[in-house]
Amino acid sequence: MVAAARALESARENRLVDDPYAAALASAAGAAVPTAESDFSPRFRDAVDYIGLRSRVFDDFLARAAADGFGQAVILASGLDTRAFRLPWPPGFRIFEIDQPEVLAYKDEVLAAEGAQPRCTRRAAGVDLREDWPAALRGAGFDPARRTAWIAEGLLPYLDATTERSLVRGVTDSSAPGSRFAVENLVTKRAMLLDDESTRDSQRWGVDLNALFSKEDRPEPGVLLEEHGWTVEREELTTAAKRYGRELRGAARGLSEVGSLVIAELA
């Protein structure tokens, strides 16, 4: 669904991202996956506005890190992310993607069929985040002594509270001083993500959101990062929307009003 949303965003005249591979990644999954705007309910059409904004915010976070001399980035639970292929990167920049092996294999197969070539050095670590992912990351060539830009985009609701704490600890232990971490704060969005309308829409595509999202309460992610020595700044997503000239409506506005972007730097 997220890849399909990026494809729809990319087709707009006022697009915030341009992902030439998103449509193929969505359609290759089968007929149940929405690939046209008419396949989305009004609520999920609003979500395209939100996902377009979110994608651009994280794009720009990584671009700033690269411009500031960072040499590597890690995309946690990368899914069908195509930043290594669609964004310009300085020479020698390395992107590490972490996700389950089957997800990475699917993406690699579709992108190979599209003739896509990464625009940086791309390394993939096929591992579940509940396992020893830092070891798998190092095995893929990751250098913990170098400053790293980390992103967790649309990830935390899927993790139980224990795994989330373990993730923050693993990122901290794998980060050199000056590393940065951008996290989409979805904690307060759970009630909206799990409502009846969202559940009905997702079931049309053969997915039960209620089975995917963790219902456990836990601290806001910025609090966890501060506990581990990160300096944290927060930006409301409504503020980001104004910055990019994106008018959010309906469900997208509701999501942005209760969400925030957490940007952290390790001392």
Side-chain angles (χ1 to χ4, degrees), residues 1-12 15-26 28-29 48 50-100 103-127 129 133 137 140-143 146-156 158 167 171 174-175 179-184 237 240 244 246 261-264:
M1 190 275 284
V2 175
R6 287 203 311 272
L8 293 176
E9 172 72 23
S10 299
R12 294 173 168 177
R15 60 183 175 266
L16 294 179
V17 297
D18 185 9
D19 187 341
Y21 308 110
L25 287 165
V48 173
Y50 176 83
I51 289 170
L53 170 66
R54 183 183 76 180
S55 299
R56 177 61 178 273
V57 166
F58 280 88
D59 282 359
D60 286 352
F61 168 79
L62 291 174
R64 285 193 300 272
D68 290 343
F70 282 58
Q72 61 186 12
V74 178
I75 302 174
L76 298 163
S78 58
L80 303 185
D81 185 289
T82 61
R83 290 183 171 99
F85 297 84
R86 65 179 176 83
L87 296 179
W89 300 104
F93 196 85
R94 304 190 302 167
I95 286 183
F96 295 86
E97 299 182 12
I98 299 178
D99 212 314
Q100 299 194 44
V103 175
L104 294 170
Y106 170 82
K107 179 164 65 175
D108 287 349
E109 180 180 356
V110 174
L111 291 177
E114 292 294 306
Q117 296 293 327
R119 304 174 72 178
C120 62
T121 299
R122 172 181 174 258
R123 305 280 176 81
V127 62
L129 288 173
W133 63 265
L137 187 60
F142 174 77
D143 184 357
R146 301 177 66 182
R147 288 190 305 167
T148 304
W150 304 80
I151 64 172
E153 178 185 13
L155 166 62
L156 299 188
Y158 300 97
L167 179 74
V171 169
S174 302
S175 294
S179 293
R180 298 175 190 167
F181 193 8
V183 181
E184 183 189 8
L237 288 167
Y244 289 102
R246 170 57 53 94
L261 178 69
V262 176
I263 303 291

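These figures come from a predicted structure and were not determined experimentally.
Looking at residues two or more places apart in sequence or on another chain, you find a side-chain contact (heavy atoms from CB on, under 4.5 Å) between Arg147 and Phe70, Ser179. For Ala124, the side-chain contact (heavy atoms from CB on, under 4.5 Å) criterion is met by Leu104, not counting sequence neighbours. Not counting sequence neighbours, the partners of Glu114 by the side-chain contact (heavy atoms from CB on, under 4.5 Å) test are Tyr21, Ala24. Applying the side-chain contact (heavy atoms from CB on, under 4.5 Å) test to Val2 and every residue at least two apart in sequence or in another chain returns Arg6, Ile51, Arg54. For Arg94, the side-chain hydrogen bond (donor to acceptor under 3.5 Å, both in side chains) partners at least two apart in sequence or on another chain are Gln72. Every residue meeting the salt bridge (Lys or Arg N to Asp or Glu O under 4.0 Å) condition with Arg56, not counting sequence neighbours, appears here in chain and number order: Asp60. The ring pair (Phe, Tyr, Trp, His ring centres under 6.0 Å) search around Phe93 returns Trp89, not counting sequence neighbours. Considering only residues two or more places apart in sequence or on other chains, Arg12 meets the side-chain hydrogen bond (donor to acceptor under 3.5 Å, both in side chains) condition with Glu9, Asp49. Judged as a side-chain hydrogen bond (donor to acceptor under 3.5 Å, both in side chains), and not counting sequence neighbours, Asp18 has no contacts. For Asp143, the side-chain hydrogen bond (donor to acceptor under 3.5 Å, both in side chains) test picks out no residue, with sequence neighbours left out.
Between the Arg86 side chain and the Asp19 main chain, no donor and acceptor come within less than 3.5 Å of each other. Looking only at distances, a side-chain donor or acceptor of Thr148 sits under 3.5 Å from a matching main-chain atom of Arg146. A donor-acceptor distance shorter than 3.5 angstrom exists from the side chain of Lys107 to the backbone of Gly79, with no hydrogens or angles considered. When atom types are taken as modelled, the side chain of Glu97 and the backbone of Ile75 share no donor-acceptor pair closer than 3.5 angstrom. With hydrogens and angles disregarded, a donor-acceptor distance shorter than 3.5 Å links the side chain of Tyr106 to the backbone of Leu25.
The shortest heavy-atom contact between Gly52 and Val17 is O-CG1, 4.0 Å. Of all heavy-atom pairs between Phe96 and Leu137, the closest is CB-CD1, 3.7 Å. The two residues Ala22 and Ala7 make their nearest non-hydrogen contact at CB-N, 3.6 Å.
Evaluation of the salt bridge (charged side-chain N to carboxylate O under 4.0 Å, His left out) test over residues 71-83, restricted to residues two or more places apart or in two chains, returns Asp59-Arg83, Asp81-Arg83, Arg83-Glu153.
Note that the CG atom of Leu111 and the CZ atom of Phe85 stand 5.0 Å from one another [nearest 0.5 Å]. With values rounded to the nearest 0.5 angstrom, Leu156 atom CG is found 8.5 Å from Glu184 atom CD. To the nearest 0.5 angstrom, Phe58 atom CZ is 10.0 Å from Leu53 atom CG. Here the CD1-CG distance, from Ile98 to Leu129, works out to 6.0 Å after rounding to the nearest 0.5 Å.
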>> Show, in sequence, the C-alpha distance, side-chain angles and deciding distance for Leu62 and Ile95, and conclude whether the side-chain contact (heavy atoms from CB on, under 4.5 Å) test is met.
In response: CA-CA 10 Å; Leu62 291 174; Ile95 286 183; 5.5 Å; no

> Under the side-chain contact (heavy atoms from CB on, under 4.5 Å) criterion, do Val171 and Trp133 qualify, and how do the steps go?
Replying inline: CA-CA 10 Å; Val171 169; Trp133 63 265; 3.8 Å; yes

> Please walk me through it: do Asp108 and Arg122 pass side-chain contact (heavy atoms from CB on, under 4.5 Å)?
Replying inline: CA-CA 11 Å; Asp108 287 349; Arg122 172 181 174 258; 2.9 Å; yes

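The closest side-chain heavy-atom distance from Ser174 to Trp150 is below 4.5 Å.
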